[in-house]
Amino acid sequence: MIALVDCESFYASCERVFDPRLDGRPVVVLSNNDGCVVAMSREAKALDIPMGVPWFQLKGYAQAAGVVARSSNYELYGSLSTRVMEIIGRYAAWQEVYSIDESFIGMHGTVDELTRIGHQIRAEVLQSTGIPVRVGIGRTKTLAKLASRGAKADLSLGGVCHLGSYSPDRLDRIMAGTDVTDLWGVAGRTGKKLAGMSIHTAKDLRDADPKQIRKRFSVVLERTVMELRGLPCLPLEAPRPYKDQLIFSRSFSRPVETAAEMRQVLSIYAQKVSSRLRTQGQVAGVVSAWAMTGHYVTEGRHSAHVSVGLPTETDEPIMLSKAAQMLAPRILHGTRYTRAGVVLTGLRPKTSASPLSLFEPEFEGRRIGETLDGITQKLGPRAIGVGLGGMRGAPVWNMRREMLSKRATTHWDEICEATA
DNA sequence: TCTGGGGTCCTAGGACCC
DNA sequence: TCTGGGGTCCTAGGACCC
């Protein structure tokens, strides 16, 4: 059997761990730039605040209704996630950490045994970290996901739902009451196309002809059909040694319109992403950069892309920053760009085979990257940078985070204080 | 004024090979 | 009119996830 353990309203729950005043109050967490709502506590959901609503639209109502808003504090969430995942891992020989707030584990046992273990996991994670979790158990990942929805919907289950505890009739009724787009792997576009074939519920999809589904859609949806029937098609994945790509992208707090400013943006973003690259011990072979106007503008929409193959794979910030700045000629002067990003692909672990010295880039071997990382770690992210990245103050286009909580688990000077 | 960010997998189609 | 067949690799774009 497979269990999905997922954290309830994870970001909002993290905010509560070190600020118990938030208990029982509606809490929303905002995306970068304090843009829109990306997480809500149960109380906020009860107010029918739509997920994804822009903060500037919600602000007035939120303040009147006593909603507490927080900027997203990924350093805190990442740190608490690591603790939660470690505890969950103690309960299984095989664990897949699927996302910051979800983990699949493999389990053996009777319905009663597994349900009991589910409750134990819940209790221990709550006791040790303050984060409430739900446990959904089924024969496949897709069914475990469905069970997790059940645990959320039916409070009488106490946070643990094992699909094996239902009769076939009851399971049919549950699936018939589940919209097909609420399934894992089925979103809006596929949902629309399925509706055209009179497939509206999870039960409809389970009972559809897999071959037809594969022909009309893809092998991905065919797998969903089989998984709904209890046939595992998606194995628990082992942790990967490294990623296929790394991205650093941000929206600006105000539009960037000049090539000079955009060069600064790209230089800094490239340095940010190169630092992640070094953390993972990888080198990159291809640098891509893009810039675009907002989704919501009606006039003057524009986007620019460029992709550069590097002569030698590298993790050095100077090379990568120069490559990213090759986007500059594609930038239309006077366009109101609202976001940009730098993407590294062609990633390999750094250890294997060093390039012939003839082709070594100018700065290779001088350990510029390592040196910057060391200084940054000691003195903070803006202490040093290459070229346009070495800024005393934050650039004017830098993102907004006006309601940021403390990073209580990763910075000594932000540690939680208790007062009598 | 103000609408997130970081990933994965799959497929189709082009380039290229013999 | 009519222009091989079979294979691999790579990339761009679509769809989805949290």
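Here is the naming used below: chain letters follow the sequence lines, and residue numbers restart at 1 for every chain. Reckoned from all heavy atoms, side chains included, excluding hydrogens, waters and symmetry mates.
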**Asked** Rounded to the nearest Å, what distance is computed from the CD1 atom of residue A/I100 to the P atom of nucleotide B/dG4?
**Response** 19 Å
**Item:** Value in whole Å for how far the P atom of B/dG4 lies from CZ of A/R401
**Value:** 16 Å
**Request:** Using whole Å, report how far CD of A/Q280 lies from P of B/dG6.
**Result:** 13 Å
**Request:** Assign A/S72 to base, sugar-phosphate, or nothing according to its heavy-atom contacts below 4.0 angstrom with the strands shown.
**Result:** nothing
**Asked** Can a cation-pi geometry be assigned to A/K193 and A/F217, taking NZ or CZ under 6.0 Å from the six-membered ring centre and within 45° of the ring axis?
**Response** yes
**Short side-chain donor-acceptor distance under 3.5 Å, A/S321 and A/Q271** = no
**Asked** Considering only B/dT8, B/dG5, B/dT11, which nucleotide approaches the side chain of A/R339 most closely?
**Response** B/dG5
**Message:** Given the ring of A/Y242, does A/R240 sit roughly above its face, with NZ or CZ under 6.0 Å from the centre of the six-membered ring and within 45° of the axis?
**Reply:** no
**Request:** Give me the one residue out of A/V125, A/V97, A/L80, A/V5 that meets side chain to side chain contact (heavy atoms under 4.5 Å, CB included) with A/M85.
**Result:** A/V97
**Asked** Looking across every strand, which nucleic acid part, if any, lies under 4.0 Å from A/K193 by heavy atom: base, sugar-phosphate, or nothing?
**Response** nothing
**Message:** Given B/dG7, C/dC18, B/dC10, identify the nucleotide with an atom nearest to the side chain of A/I247.
**Reply:** B/dG7
**Item:** Listed nucleotide nearest any side-chain atom of A/Q245, set B/dG6, C/dC18, B/dG7
**Value:** B/dG7
**Request:** When you get a sec, tell me which of B/dC9, B/dG4, B/dT3 is the closest nucleotide to the side chain of A/P54?
**Result:** B/dT3
**Below 4.0 Å: OP1/OP2 of C/dC18 and any side-chain N or O of A/K145** = yes
**Complete:** Between NZ of A/K152 and P of C/dC18 the distance, given in whole Å, is 10 Å
**Message:** Categorize A/N33 for me: base, sugar-phosphate, or nothing, with a 4.0 angstrom heavy-atom threshold over every strand shown.
**Reply:** nothing
**Prompt:** Just checking A/R240: base, sugar-phosphate only, or nothing, at a heavy-atom cut-off of under 4.0 Å?
**Reply:** sugar-phosphate
**Item:** Selection from B/dC2, B/dT8, B/dT3 that lies nearest to any side-chain heavy atom of A/R400
**Value:** B/dC2
**Prompt:** Between C/dC18 atom C1' and A/D6 atom CG, what is the distance in whole Å?
**Reply:** 11 Å
**Minimum-distance nucleotide (side-chain atoms of A/S99 versus C/dC18, B/dG6, B/dG4)** = C/dC18
**Request:** Would you indicate what A/D34 reaches in the nucleic acid, counting non-hydrogen atoms under 4.0 angstrom: base, sugar-phosphate, or nothing?
**Result:** nothing
**Asked** Which nucleotide in the list B/dC10, B/dG7, B/dG6 gets nearest to the side chain of A/K243?
**Response** B/dG7
**Asked** Under 4.0 Å: is that the gap between some side-chain N or O of A/R223 and OP1 or OP2 of B/dC9?
**Response** no
**Request:** May I have the distance from A/L4 (atom CG) to C/dC18 (atom C1'), rounded to whole angstrom?
**Result:** 12 Å
**Prompt:** Can A/Q245 and A/T345 be counted as having a side-chain donor-acceptor contact under 3.5 angstrom?
**Reply:** no
**Complete:** A/Y11 OH to B/dG5 P, in whole Å, measures 12 Å
**Request:** State which of C/dC18, C/dC16, B/dG5 makes the closest approach to the side chain of A/R189.
**Result:** C/dC16
**Request:** Report yes if a side-chain nitrogen or oxygen of A/S249 is closer than 4.0 Å to either non-bridging phosphate oxygen (OP1 or OP2) of B/dG6; otherwise report no.
**Result:** yes
**Asked** Have A/S251 and A/T338 got a donor and an acceptor in their side chains that come within less than 3.5 Å?
**Response** no
**Request:** For A/R254, report the nucleic acid contact type (base, sugar-phosphate, nothing); a contact means any heavy atom under 4.0 Å.
**Result:** nothing
**Prompt:** Between A/W290 (CH2) and C/dT11 (C1'), how many Å, whole number?
**Reply:** 19 Å
**Item:** A/T190, nearest nucleotide to its side chain (from B/dC10, C/dC16, B/dT3)
**Value:** C/dC16
**Prompt:** Given B/dG5, is OP1 or OP2 found less than 4.0 Å from the side-chain N or O atoms of A/S251?
**Reply:** yes
**Asked** Using the benzene-type ring in the case of Trp, are the ring centres of A/Y337 and A/W397 under 6.0 Å apart?
**Response** no
**Asked** With a non-hydrogen cut-off below 4.0 angstrom, is A/L183 in contact with a base, only sugar-phosphate, or nothing?
**Response** sugar-phosphate
**Residue pair A/E8, A/K152: steps toward the salt bridge (charged side-chain N to carboxylate O under 4.0 Å, His left out) verdict** = CA-CA 9 Å; A/E8 286 177 28; A/K152 185 179 189 174; over 6 Å; no
**Request:** Give one of base, sugar-phosphate or nothing for A/V53, where a contact means two heavy atoms less than 4.0 Å apart.
**Result:** nothing
**Prompt:** So which one's nearest nucleotide on DNA chain B is more toward 5', A/E237 or A/N32?
**Reply:** A/N32
**Message:** Students often get this wrong, so: under 4.0 angstrom with heavy atoms, is A/W55 touching a base, only sugar-phosphate, or nothing?
**Reply:** nothing
**Message:** Looking only at the side chain of A/V220 (C-beta and beyond, no hydrogens), which of the listed nucleotides B/dC10, C/dC17, B/dT3 gets closest?
**Reply:** B/dC10
**Request:** Report which part of the nucleic acid A/R276 touches: base, sugar-phosphate, or nothing (heavy-atom distance under 4.0 Å, all strands).
**Result:** sugar-phosphate
**Request:** Name the pairing partner of B/dC18, where a pair is Watson-Crick or G-U wobble with both distances under 3.5 Å, or state none.
**Result:** C/dG5
**P atoms of B/dT3 and C/dC18, separation to the nearest Å** = 25 Å
**Message:** Taking any heavy-atom pair under 4.0 Å as a contact, classify A/L246: base, sugar-phosphate, or nothing.
**Reply:** sugar-phosphate
**Item:** Counterpart base for C/dC10, defined by Watson-Crick or G-U wobble contacts under 3.5 Å
**Value:** B/dG13
**Request:** Pick base, sugar-phosphate or nothing for A/Y98, based on heavy-atom distances below 4.0 Å to the nucleic acid.
**Result:** sugar-phosphate
